[in-house]
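In what follows, a structure is listed as structure tokens, so that the remarks can point back to it.
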Number of protein chains: 2
Amino acid sequence: MRLFLVDDHPVVRAGLVALLSGEHDIDVVGEAPGGEEALRAITVRTPDVVLMDLQLGDGIDGVEATRRIRELPSPPQVLVLTTYESDADIMRAVDAGATGYLLKACPPEELFQGIRAAARGETVLSAKVATRMMRRMRDPGTALSAREVEILELLASGAGNREIARRLFITEATVKTHLVHVYSKLGVDTRTAAVTAAVERRLIRLP
Amino acid sequence: MRLFLVDDHPVVRAGLVALLSGEHDIDVVGEAPGGEEALRAITVRTPDVVLMDLQLGDGIDGVEATRRIRELPSPPQVLVLTTYESDADIMRAVDAGATGYLLKACPPEELFQGIRAAARGETVLSAKVATRMMRRMRDPGTALSAREVEILELLASGAGNREIARRLFITEATVKTHLVHVYSKLGVDTRTAAVTAAVERRLIRLP
DNA sequence: CAGCGGATCAACCGATCGGTTGATCCCGGG
DNA sequence: CCCGGGATCAACCGATCGGTTGATCCGCTG
């Protein structure tokens, strides 16, 4: 099974290579520190699975890299391996076409099995990630939509309604409508309280 | 030279061991995923240098672990190796007794040299970290007063000016004056942006 | 197909916020 | 003793926000 690594930290790439050297059915056929380099290399190394970090320093981020990889002809599976478990990160990664979402805190054996499962095209999620997704499914009444989470992230950056509208290519009226829903679902009535509630519930993550 | 690793991610520990195996003057004499385990192990492994991550999952964080290690009799040097370069993290780590502060994004060779320098008791800083510290020294006018931090904490709870005034037994006018100063010092112009800036700088902590 | 929920937009209005100017009080250092 | 800085308060005003009502469009599901 051919595996390609994408992570901006040399230490992590070296660690993955070292850990995977004991798994003889998994061959690391290449690695890259950023999304652009990965896209170029993947077309010639033809991996079965790409192990992708979401935070990639400068250049495109892991979500955008995942999206472009999945748009290639006969693309490899993309398995996200990252530190954070916010709804915003998970939803975006899945939307971009990721086959799975594992946390770096997971034990190595779970990582190995995840890579093999991803190669078979199976969806693989860390226990904590799966729990979060399940809770979202069970009570969709209180779960925020993807759009509402986008609003929250811009809210957390300190943007006003006009700025949010501009960045999402919608009108202020729509932003306000979303905000009313967000406030209602989080049980708050100010933008600041919404941000702190969202951070505490791990809906979003402060950079 | 005897080195001890503290990092909650098995992948990172394996990576460091793999990278350092090529440096024959550096012996990894132990490793731990958390601060408590590290403290117990260090007393018997007697390393010269401890390589410390700041984010350690559950339990005490890297700063607190560093402080306790430096309180041991004839303690090892502690070299911080972490992902972030926020002013607050740097200041807190240095205050806790860290010998140096390196970023995980740095090239491995810089890491090797840093470990050797730390073993000699020299202070070692990543270039970006050194730049931030210099700017911090030159511009101390951004320190918030105790009262302003109190205001920020109530701000983060989502309280309006009236509520803040009531809880601090002052008038709304005074709250507004404090807010103007807080905005100015943090370089923002909305309450929400002030909260996120304050959280990132660790001036306040979300519950 | 009918209906539901999500996303979009509009208009209105009172409440709150952000910015400005100016003032008093008190403490501690030069 | 005077000065600076922090904390306190006041009044004003334009901008923004929060709440409400109502509407259209689209995709999914029973």
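Not measured: the values here are computed from a predicted model. Chain identifiers are assigned alphabetically (A, B, ...) following the order of the sequence lines, protein sequences preceding nucleic acid strands; residue numbering begins at 1 within each chain.
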- [ ] Report yes if a side-chain nitrogen or oxygen of B:R147 is closer than 4.0 Å to either non-bridging phosphate oxygen (OP1 or OP2) of D:dT8; otherwise report no.
- [x] yes
Can you check nucleotides 20-30 of chain D for protein contacts, nitrogen or oxygen pairs under 3.5 Å, and list what you find?
none

Open item on the list: At less than 4.0 Å, is any side-chain N or O atom of A:H178 found next to OP1 or OP2 of C:dT8? Yes or no.
Closed with: yes
Cut-off 3.5 Å, no hydrogens considered: what does the side-chain donor-acceptor table look like for residues 5-18 of chain A, sequence neighbours left out?
| unit_1 | atom_1 | unit_2 | atom_2 | d |
| --- | --- | --- | --- | --- |
| A:D7 | OD1 | A:H9 | N | 2.9 |
| A:D7 | OD2 | A:K104 | NZ | 3.0 |
| A:R13 | NE | A:E31 | OE2 | 2.8 |
| A:R13 | NH1 | A:D7 | O | 2.7 |

TODO: Please check the phosphate of D:dA7 (OP1 and OP2 only) for any side-chain N or O of B:S145 closer than 4.0 Å.
DONE: yes
Task: Step-by-step side chain to side chain donor-acceptor pair (under 3.5 Å) determination, B:T82 to B:Q55 - done: CA-CA 8 Å; B:T82 189; B:Q55 287 77 37; 3.1 Å; yes
Task: B:R162, nearest nucleotide to its side chain (from D:dG18, C:dG19, C:dT16) - done: C:dT16
Task: For A:R147 against A:L168, the heavy-atom pair lying closest together - done: NH2-O, 3.3 Å
Task: side chain to side chain contact (heavy atoms under 4.5 Å, CB included) partner of B:V50, the single match among B:L3, B:T66, B:I42, B:L79 - done: B:I42
- [ ] Begin from the C-alpha positions of A:D27 and A:R45 and carry the test salt bridge (charged side-chain N to carboxylate O under 4.0 Å, His left out) through to its verdict.
- [x] CA-CA 11 Å; A:D27 289 333; A:R45 308 314 268 277; over 6 Å; no
Open item on the list: Can you work out whether B:A173 or A:G160 has the more 5'-proximal nearest nucleotide on DNA chain D?
Closed with: B:A173
TODO: Report the distance from atom CG of B:D58 to atom CG of B:D61, rounding to the nearest 0.5 Å.
DONE: 12.0 Å
- [ ] Tell me, please, which residues at least two apart from A:E122 pass side-chain contact (heavy atoms from CB on, under 4.5 Å).
- [x] A:A117, A:R120
Open item on the list: With a 4.0 Å cutoff (strictly under), does any side-chain N or O of A:N161 reach OP1 or OP2 of D:dT16?
Closed with: no
Open item on the list: Any side-chain N or O of B:T174 below 4.0 angstrom from OP1/OP2 of D:dT8?
Closed with: no
- [ ] Using atom CG of A:L144 as one end and atom C1' of C:dA7 as the other, report the distance to the nearest whole Å.
- [x] 14 Å
TODO: Carefully, step by step, assess B:Y101 and B:L54 under the rule side-chain contact (heavy atoms from CB on, under 4.5 Å).
DONE: CA-CA 10 Å; B:Y101 196 106; B:L54 290 188; 3.7 Å; yes
Task: Note: A:D87-A:R201 ion pair, threshold 4.0 Å (strictly below) - done: no
Task: Net bend of the helix from C:dC1-D:dG30 to C:dG30-D:dC1, end axes of five pairs each, nearest 10 degrees - done: 40°
Name each donor-acceptor pair under 3.5 Å that joins a side chain in residues 172-181 of chain B to protein atoms two or more places apart or in another chain, with its distance.
| unit_1 | atom_1 | unit_2 | atom_2 | d |
| --- | --- | --- | --- | --- |
| B:E172 | OE2 | B:R162 | NE | 3.3 |
| B:T174 | OG1 | B:T171 | OG1 | 3.2 |
| B:T177 | OG1 | B:A173 | O | 3.1 |

Task: Interface residues of residues 87-95 of chain A with DNA chain C (non-hydrogen, below 4.0 angstrom) - done: none
- [ ] Take the protein atom NE2 of A:H181 and the nucleotide atom P of C:dA7, then report the distance between them rounded to whole Å.
- [x] 9 Å
- [ ] Say whether A:N161 and A:R166, considering side chains only, have a donor N or O and an acceptor N or O under 3.5 Å apart.
- [x] no
